[in-house]
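Just so you know, ligand 1 is whichever comes first in the structure, and atom 1 is the first atom listed for that ligand. Heads up: numbering here begins at 1 and tracks the sequence.
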Amino acid sequence: MDGRPYFITVDEARAICQQTPPPLRTEHRPIEMCTGRVLAEDLKSMVNDPPFDNSAMDGFACRFDEAASYPCTLTVVGLQAASGDNELVEVGPGEAVRIMTGAPMPPGADAILPIERCDVGDGTVVLLEPPKPHFVRKLGENLKQGTIALTKGQRLTPARIGLCATMGYASVPVFQRLNIAIVSTGDELKSPGEALAHGEIYESNSYGLAGLVEWAGHTPVRFPSVADTMDALRDALNEATKTCDLILTSGGVSMGEFDYVRRIMEEEGDVHFWRMKIRPGSPPLFGVWNGTPLFGLPGNPVSSHVVFRMLVAPYLRHALGTDGPKEWTVRARLCDPVKSTNDCMTLRRVTLTSTEEGMMAHQPRHQGSGNLESLASASGLTLLQPGQSGEVGAWIDVLVL
Ligand code: AMP
Ligand code: MG
């Protein structure tokens, strides 16, 4: 390893990866095509929200100090719809205007009484109680023009997309999705749909990793799986650098005779670290192949998934300076024992149940890192720190899957 970092903590590994970010590009896109994208600039509101004083209720607009006692009868002098028609009727003493939710307040009126609290007559209305000033939504009360309401790095959720529109933006600057190559390695791998010979298995990591790349907000580019030879691997990695910003490989990074990803990265690429203190998933490496950052993920299907969540997802969030997709951790009480170690973080699959005593974490029986079913049926990963007890009853942090 030439003195390069070896068998380091998760935090150390994250810090090393972050020093070699992927290239970022910005584009302007119509907001209806931006759900899940990450804002590339702060956004100032182009308007006041609301842009004018308006009614929060269907009812009657009138003067707050209209009468000393109620019920009180007023003359209806007009009707105000939420229509953008600005011929507003003035409301004088003893007068009211029938008004709809969202319609501009007529001049002279400063309070609203909802229709349910009124007796409507012919040309008159009886207010059964005093009108309410708080049913008037005031100009700019949600957002003043020029205020920054969304900031660079925020992931555009449906609510945030709506807010872009409220602020007057038809299109917004967002980061382009990264093209992320996924290269599975292994002589034993066959694609699902093909017949299996003895000794072969179905290749699953590229599909799971592609799903994770999409979940993280980027574009997966799956390559055909590669045989365990230096030449095949070199060709595949070179091909991936032509179109992709980042490469994820799976398999070939541990101590096996045919673990060529590690070997080719050591001999012809640039390894920034190898192996991390995490179980499962200890053999990952990070480095650069021909100018393109590369994560060498473990071949065991659970391990490759866990390492993506612990290493690749934080790397991508950090590169874009983004808050999404949000990682949730919850405190949960262990209902089954989890074997922890003194030097590694332990990430076991658990199912979470919400109870009156808090969140409970159960561990499925079979936890092999090749057992993808145990991940598919899990709802969380234990975040047991090195040396932390995993005995029954311990309250621990769990990463929600
Ligand atoms: P490796 O790290 O290449 O030694 O692989 C470790 C284990 O994961 C072996 O049992 C492989 O057969 C299995 N494995 C490697 N790559 C994949 C893949 N893409 N899909 C499913 N299993 C895999
Ligand atoms: Mg292999």
Hey, is the main chain of Gly59 close enough, under 3.5 Å, to the side chain of Arg98 for a donor-acceptor pair?
yes
Tyr169 side chain to Met46 main-chain N or O, any donor-acceptor pair under 3.5 Å?
no
When Leu143, Leu43, Thr157 are each screened for side chain to side chain contact (heavy atoms under 4.5 Å, CB included) with Leu163, the one that passes is Leu143
- Query: Regarding Arg155 and Thr322, is there a side-chain donor-to-acceptor distance under 3.5 Å anywhere?
  - Reply: no
If we number the atoms of ligand 1 from 1 as shown, the ones under 4.0 Å from a heavy atom of Gly252 are 1 (P), 2 (O), 3 (O)
Among non-hydrogen protein atoms, atom 21 (C) of ligand 1 lies closest to Ser204 OG, 3.4 Å
**Message:** Keeping Ser303 on the side-chain end and Gly299 on the backbone end, is there a donor-acceptor pair under 3.5 Å?
**Reply:** no
Q) Is it the case that Glu203 and Ser184 place a side-chain donor and acceptor less than 3.5 Å from each other? A) yes
Ranked by distance from atom 4 (O) of ligand 1, the top protein heavy atom is Asp259 OD1, 3.8 Å
- prompt: Between the main-chain N or O of Thr346 and the side-chain N or O of Thr382, is there a donor-acceptor pair closer than 3.5 Å?
  reply: yes
When distances are taken from atom 17 (C) of ligand 1, the protein heavy atom at minimum range is Asn205 ND2, 3.4 Å
Looking only at non-hydrogen atoms, the one of Glu200, Glu188, Arg262, Glu203 nearest atom 11 (C) of ligand 1 is Glu188
Distance-only, no hydrogens or angles: does the Arg117 side chain make a donor-acceptor pair with backbone N or O of Leu127 under 3.5 Å? no
* Asked: Does even one non-hydrogen atom of Tyr202 get within less than 4.0 Å of ligand 1?
  -> yes
Per-atom filter on ligand 1: closer than 4.0 angstrom to a heavy atom of Asn300 are 6 (C), 7 (C), 8 (O)
Nearest non-hydrogen protein atom to atom 5 (O) of ligand 1, with distance, is Gly299 CA, 3.7 Å
### Query
Between Pro298 and ligand 1, does any nitrogen or oxygen pair lie at a separation below 3.5 Å?
no
* Do Asn179 side-chain atoms and Asp245 backbone N/O form a donor-acceptor pair below 3.5 Å? -> no
Ligand 1 atoms nearer than 4.0 angstrom to some heavy atom of Ser184 are 19 (N)
For atom 22 (N) of ligand 1, the closest protein heavy atom turns out to be Ile201 CD1, 3.5 Å
Inset, instruction - Decide whether the shortest distance between a heavy atom of Ser250 and an atom of ligand 1 is less than 4.0 Å. - result: yes
In ligand 1, the atoms that come under 4.0 Å of a heavy atom of Ser254 are 2 (O)
